[in-house]
Amino acid sequence: MTTHISDNSEFSASVLRWYDENARALPWRSLPGEYADPYHVWLSEIMLQQTTVVTVSSYFKKFLEKWPSVENLANAPLDDVLTAWAGLGYYARARNLHKCAATVWHKYGGEFPNSEKELMELPGIGPYTAAAIAAIAFAEPAVVIDGNIERIISRVFRLQEFLPKGREVLRDYAASVTPKLRAGDYAQALMDMGSNVCRPKGPTCELCPVARFCMAHAEGDETSFPKKAPKKIKPVKMATVIWAENAKGEVLMRRRAEKGLLGGMMEFPSTQWDDISGFDDNGPEKLQALLIELGLIDQPVNAVSLVKHTFTHFHLKLQPHVLAVEDNDITPSNHFLWIHPSKFGEIALPTLMAKVAKIVKAEQGALPFSQVRDLVR
DNA sequence: AATACGGGGTG
DNA sequence: CACCCAGTATT
């Protein structure tokens with residue numbers, strides 16, 4: 001590939017010099033020029049998928065403390081992994097993490113494979129993560145492309161193609177400037193540059209080691225790149241959710257289906273999440289149907305404030321109703337459980353449900369209710 | 001090729 | 001409130 005950069009090694013050399021002086025110390029990162037533990041690299045890369053460094057740090061430390069090796073993680077109960085993952089989002093990652101650990105332990109004797117090809121075959125590892133692990137943990141000259149690198153390369157070459165359609169062209173450009181040596185440091189350097197220098201809005205080009213190679217900078221239209229297809233509008237959904245508390249102060253919860261949204265996580269029972277785009281109503285009769293289904297009829301019910309939450313592809317409004325349960329026929333199982341709020345830190349409680357708990361705590365303080373998980377704020 | 005899949009930070 | 005983030009799996 002011929003580009004406007006006459007000597008491609010000058011580009012990567014500038015990036016690596018910048019990294020040697022500016023590399024951030026991160027819990028999973030080795031010193032520049034050294035290679036980190038593949039288990040640490042893998043764990044951090046899975047957590048970092050679509051997730052910021054700030055958010056990941058504490059989770060990474062917690063996981064490593066709880067499961068110091070891939071063997072420990074492979075032999076942990078899935079529910080423990082989901083519990084530890086609670087709040088991080090994209091829970092399929094946690095399920096695949098567990099599956100991947102088991103594969104590495106049973107098929108590879110606890111040692112991660114070092115080739116992109118073999119890494120790609122593992123659950124939860126796609127093109128980006130395979131390249132990142134190969135480069136960062138195994139010194140392979142892989143072409144690593146994440147959102148940051150996509151943005152930098154788009155700007156440096158003033159890529160006219162819209163993404164993700166133009167990703168093949170982008171890959172060629174990225175490959176043309178990726179070094180054979182220190183590919184791991186190079187990738188991490190670009191990612192640091194992406195978050196600190198070549199930012200989506202307000203890039204600080206005066207701090208950029210490759211500004212002199214950057215065509216968009218020359219034109220002064222950095223923020224016009226990368227060009228992306230417009231997003232679709234998110235529909236609005238609504239449902240009623242119940243906080244049913246018994247005499248012991250325990251609350252009725254159920255486990256969601258293994259697959260799909262919030263798969264395998266715990267929730268407060270709710271009616272269907274109906275699309276209310278275009279109108280603004282939530283059939284009150286559905287609450288009665290839910291209470292009948294659970295055998296909780298004729299109990300006093302109090303509504304608290306509406307909980308709003310936005311997922312990747314829709315907005316959700318949840319209307320909690322609080323009820324005191326004197327007596328019931330619900331048998332605890334893996335599906336239905338009575339859980340005291342003081343135990344919420346020990347279950348797989350997604351943030352949406354933590355928000356529900358927080359509202360109830362704030363507005364129904366008279367109920368015996370100790371504390372909600374830290375992440376609720 | 002398009003869609004499903006969380007949650008938090010930012011302007 | 002829209003956009004972005006160390007993307008992957010499924011359809």
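Order of the sequence lines fixes the chain letters, A, B, ..., with proteins taken first and strands second; residue numbering starts at 1 for each chain.
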Check every strand shown and say whether [X] touches a base, only sugar-phosphate, or nothing at a heavy-atom separation below 4.0 Å.
| X | answer |
| --- | --- |
| A:Lys165 | nothing |
| A:Gly202 | nothing |
| A:Ile46 | nothing |
| A:Pro127 | sugar-phosphate |
| A:Leu26 | base |
| A:Val53 | base |
| A:Thr129 | sugar-phosphate |
| A:Leu262 | sugar-phosphate |
| A:Trp28 | base |

Rounding to an integer number of Å, can you tell me how far [X] [atom1] sits from [N] [atom2]?
| X | N | atom1 | atom2 | result |
| --- | --- | --- | --- | --- |
| A:Met120 | C:dG7 | CE | C1' | 12 Å |
| A:Lys232 | B:dC5 | NZ | P | 15 Å |
| A:Leu119 | C:dG7 | CG | C1' | 15 Å |
| A:Arg24 | C:dA6 | CZ | P | 8 Å |
| A:Leu48 | C:dT8 | CG | P | 12 Å |
| A:Arg93 | B:dG6 | CZ | C1' | 8 Å |
| A:Met193 | C:dC5 | CE | C1' | 17 Å |
| A:Ile152 | C:dC4 | CD1 | C1' | 14 Å |

Plane angle bin for A:Phe63 and A:Trp85 - parallel if under 30°, tilted between 30 and 60°, otherwise perpendicular: perpendicular
May I ask you to decide if the ring planes of A:Phe344 and A:Trp243 are parallel, tilted or perpendicular, using 30° and 60° as cut-offs? perpendicular
Any side-chain N or O of [X] below 4.0 angstrom from OP1/OP2 of [N]?
| X | N | result |
| --- | --- | --- |
| A:Arg95 | C:dA9 | no |
| A:His313 | B:dA4 | no |
| A:Lys201 | B:dT10 | no |
| A:His309 | B:dG6 | no |
| A:Thr51 | C:dC5 | no |

Ring centres of A:Phe311 and A:His313 under 6.0 Å apart? no
For atom [atom1], what is the distance between [N] and [M], given to the nearest Å?
| N | M | atom1 | answer |
| --- | --- | --- | --- |
| B:dT10 | C:dA6 | P | 13 Å |
| B:dG8 | C:dA9 | C1' | 23 Å |
| B:dG9 | C:dT8 | C1' | 23 Å |

Closest to the [X] side chain: [options]?
| X | options | result |
| --- | --- | --- |
| A:Thr312 | B:dG8, C:dG7, B:dG6 | B:dG6 |
| A:Lys228 | C:dA6, B:dC5, C:dC5 | C:dC5 |
| A:Thr351 | C:dC3, B:dG7, C:dA6 | B:dG7 |
| A:Asp192 | C:dG7, B:dG6, C:dA6 | C:dA6 |

Hydrogens and angles aside, do [X] and [Y] bring a side-chain donor and acceptor to less than 3.5 Å of each other?
| X | Y | result |
| --- | --- | --- |
| A:Glu45 | A:Tyr128 | yes |
| A:Arg93 | A:Gln49 | no |
| A:Thr83 | A:Asp80 | no |

Can you tell me whether the side chain of A:Thr52 and the base of B:dG8 have a donor-acceptor pair closer than 3.5 Å? no
Got a donor-acceptor pair under 3.5 Å from the side chain of A:Tyr90 to the base of B:dG6? yes
Is it true that A:Glu121 and A:Lys117 have a side-chain N and a carboxylate O under 4.0 angstrom from each other? yes
A:Val54 vs A:Gln50, nearer the 5' end of DNA chain B by closest nucleotide: A:Gln50
In terms of the nearest nucleotide of DNA chain B, which residue is placed more toward the 5' end: A:Tyr91 or A:Arg167? A:Arg167
Could you tell me whether the side chain of A:Arg256 and the main chain of A:Glu267 form a donor-acceptor pair under 3.5 Å? no
Contacts of A:Glu45 and A:Lys259 projected onto DNA chain C by closest heavy atom; the upstream (5') one is A:Glu45
Contact nearer the 5' end of DNA chain C, comparing A:Ile136 with A:His315: A:His315
